[in-house]
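The figures here come from the full heavy-atom set of this structure, side chains too, leaving out hydrogens, waters and symmetry mates. The sequence lines fix the lettering, A, B, ..., with proteins before strands; numbering per chain opens at 1.
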Protein chains: 2
Amino acid sequence: MHISADDLVDVLRSEGLRITNPRRLVCTVIAERHSDHLTAAAIFDAVSTRSDGDLDIATVYRTLDVLEQAGAIKHGHIGHGPTVYHLAYEADHQHLVCSSCGSTVSIPTRDLRSFIDVITERTGFVPQVEHFALSGLCADCAKKSTTE
Amino acid sequence: MHISADDLVDVLRSEGLRITNPRRLVCTVIAERHSDHLTAAAIFDAVSTRSDGDLDIATVYRTLDVLEQAGAIKHGHIGHGPTVYHLAYEADHQHLVCSSCGSTVSIPTRDLRSFIDVITERTGFVPQVEHFALSGLCADCAKKSTTE
DNA sequence: CTACGTGCAAATGCTTTGCAAGCCC
DNA sequence: GGGCTTGCAAAGCATTTGCACGTAG
């Protein structure tokens with residue numbers, strides 16, 4: 001299943017929002033690079049290098065807001081860096097960021113089912129694990145820290 | 001077990017660092033409010049309202065860095081707000097932030113043992129769950145969202 | 001005495017906002 | 001044409017940094 005720029009534009013249209021060139025450009029980049037974790041700056045850069053591209057970074061943020069409210073995309077936070085955006089249906093994994101070397105790993109949300117259930121049982125809280133990355137040590141750095 | 005301002009100062013001393021009034025003041029506030037999740041701004045404010053208090057916010061950040069490197073305190077991230085600091089030995093719980101109402105709940109890290117183990121098994125990654133809060137819906141907001 | 005620590009102010013990085021002009025429907 | 005969108009510039013917030021002065025050890 002791949003989502004096209006037009007699909008995203010349609011989401012906006014169906015919300016009664018106006019279809020403008022800046023919005024089309026942002027949608028195009030998100031669709032083209034659907035597997036990436038895009039930052040607002042990355043989208044801005046990608047658009048800026050296109051021949052038909054010219055828009056303001058503020059507009060990128062505003063468009064991302066609007067797409068997120070429409071349910072087409074979601075944002076998450078990986079470590080300390082800037083906010084990352086991705087298609088809503090791809091928000092099915094948790095990120096792990098190594099606090100030592102900065103590398104990231106993913107784990108499918110479904111593998112964390114029991115964890116999520118434990119939390120809900122004990123606190124009533126329903127976690128959205130994908131939203132914030134988890135910090136820790138990657139395999140390599142963990143090995144190093146025990147060896148030293 | 002309670003840590004006093006002097007204990008924190010001693011940590012600095014044992015690292016060969018100089019004991020200055022600004023550092024003493026920051027240590028005092030951390031010791032006095034050891035159960036809070038203090039932000040740099042909160043520490044700055046707390047010091048500023050004392051009769052003997054006068055320091056720069058930059059110094060607060062520098063002192064927090066130094067205390068963290070010395071192992072006396074740790075920092076964490078709860079939702080989008082500013083970085084929070086607390087005594088190292090109190091970093092034994094995970095925070096859950098409600099993305100809807102902003103309320104936070106805690107759960108002891110030991111209750112998440114099996115979760116942590118699953119992640120390590122599958123990815124080699126050793127999570128430090130306390131570092132980043134988890135996002136989700138608190139019991140109340142989860143109830144509301146299913147009712148609506 | 002001198003390296004370390006401080007205050008101050010300016011810079012940083014990411015994101016938001018106010019406002020007047022522009023363009024979609 | 002009316003109002004949603006945009007660009008631009010400025011502001012906001014948390015945090016960091018350069019630098020000259022001050023002081024702990």
Protein-nucleotide distance (A/R62, atom CZ; D/dA9, atom C1'), rounded to Å: 12 Å
Euclidean distance, atom CZ of residue A/F44 to atom P of C/dT15 [Å, nearest integer]: 14 Å
Between P of C/dC4 and CD of B/E15, the distance in whole Å: 14 Å
Distance-only polar pair, side chains of A/T120 and A/D117, donor-acceptor under 3.5 Å: no
Under 4.0 angstrom between B/T20 side-chain N/O and C/dT6 OP1 or OP2: yes
Short side-chain N/O contact to C/dG5 OP1/OP2 from B/T59, under 4.0 Å: no
Residue pair B/H77 / A/H77, side-chain donor-acceptor N/O under 3.5 Å: no
Any A/T83 side-chain N or O less than 4.0 Å from OP1/OP2 of C/dT15: yes
Quiz item: B/R18 side-chain donor-acceptor pair to C/dC4 base, under 3.5 Å: yes
Atom-pair distance (CG on B/L17; P on C/dC4), nearest Å: 10 Å
Whole-Å distance separating the CG atom of A/L55 from the C1' atom of D/dT5: 12 Å
Close side-chain approach of B/L134 to A/F115, heavy-atom, < 4.5 Å: yes
Pair A/H75 + A/H131: ring centers closer than 6.0 Å: yes
Toward the 5' end of DNA chain D, by each residue's nearest nucleotide, A/P22 or B/G81: A/P22
Touch class at under 4.0 angstrom, heavy-atom based, for B/R23 against every strand present: sugar-phosphate
Closest to side chain of A/Y61, choosing from C/dG5, C/dT16, C/dG7: C/dT16
Output field: ring centroids B/H80/A/F132 closer than 6.0 Å: yes
Sugar-phosphate only, base, or nothing, as touched by A/I57 at under 4.0 Å among non-hydrogen atoms: nothing
Protein-nucleotide distance (B/R24, atom CZ; C/dT6, atom P), rounded to Å: 11 Å
Touch class at under 4.0 angstrom, heavy-atom based, for A/A41 against every strand present: nothing
B/A40 side-chain proximity, nearest of C/dT15, D/dT15, C/dG7: D/dT15
Sugar-phosphate, base or nothing in reach of A/D54, heavy atoms under 4.0 Å: sugar-phosphate
Base D/dG25 paired with B/R13 side chain (donor-acceptor, <3.5 Å): no
Gap between atoms NE2 and P, on A/H75 and C/dT16 respectively (whole Å): 9 Å
Nucleotide C/dC19, atom C1' - distance to CG of A/D56 in whole Å: 14 Å
